[in-house]
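First comes the structure, then the notes that go with it.
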Amino acid sequence: MENSDTNTGHKSKVKIKTKEKVITPSLFKVLMHNDDYTTMEFVVEVLREIFRKPATEAEKIMLTIHFQGVGHCGTFPYSIAETKADQARLKARKAGFPLRCSLEEA
């Protein structure tokens, strides 16, 4: 940016520093809920395929869902959490299960 001083006729350059602020997106937990129809094997399959959990961790989460009624599948930015929950619901519907997932702000 150039400024011209009308009294002296000198031109001066002014540097303006701008600081970019990076905003981290809010994170959301994907929770899977227990029901009386979805099989334990199917829940483990969903956890492994959609949430990319290793077999032992998927088993652990499935047992938490079974015994406590709800289990934490992962924490993601909103759009990813929503997509994963939708993928799990769609896979369940295609298999004839009423699997329910919900999102909770982390």
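What's counted below: heavy atoms across the whole structure, side chains too, no hydrogens, waters or symmetry copies.
For the pair Arg100 and Asp35, the minimum side-chain heavy-atom distance is 4.5 Å or more. Phe28 places none of its side-chain heavy atoms less than 4.5 Å from the side chain of Glu82. With a 4.5 Å cut-off on side-chain heavy atoms, Ile61 and Met32 do not count as touching.
No more than 12 heavy atoms of other residues, nucleotides or ligands shown are found within 6.0 angstrom of NZ on Lys60.
Taking both residues in full, the closest heavy atoms of Leu47 and Ala58 are given as CD1-O, 3.4 Å, listed atom of the first, atom of the second, then distance. When all heavy atoms of Ala92 and Phe42 are compared, the pair lying nearest together is CA-CZ, 3.5 Å. In this structure, Thr75 and Lys29 approach most closely via the heavy-atom pair OG1-CG, 3.7 Å. Gly74 and Lys53 make their closest contact through CA-NZ, 4.4 Å (heavy atoms, listed as atom of the first residue, atom of the second, distance). Closest approach of Ala88 and Val46 over heavy atoms only: CB-CG1, 3.7 Å. Heavy atoms only, all atoms of each residue included: Ile50 and Lys84 are closest at O-NZ, 2.8 Å.
Rounding to the nearest 0.5 Å gives a distance of 13.0 Å between NE2 of His33 and CD of Gln68. To the nearest 0.5 Å, atoms CD (Glu45) and OG1 (Thr38) are separated by 12.0 Å. Note that CG of Leu27 and CG of Leu103 are 12.0 Å apart. Values are rounded to the nearest 0.5 Å.
Applying side chain to side chain contact (heavy atoms under 4.5 Å, CB included) to His72 and the options Ile65, Leu31, Val30 leaves one that passes, Leu31.
Under the 4.5 Å side-chain heavy-atom criterion for Ile, Leu, Val, Met, Phe, Trp and Tyr, Leu99 and Leu63 are members of the same hydrophobic cluster. Two different hydrophobic clusters hold Met40 and Tyr37 under the rule that ILVMFWY side chains link at heavy-atom gaps under 4.5 Å.
In terms of the ring pair (Phe, Tyr, Trp, His ring centres under 6.0 Å) criterion, Phe51 has no residue partners (sequence neighbours excluded).
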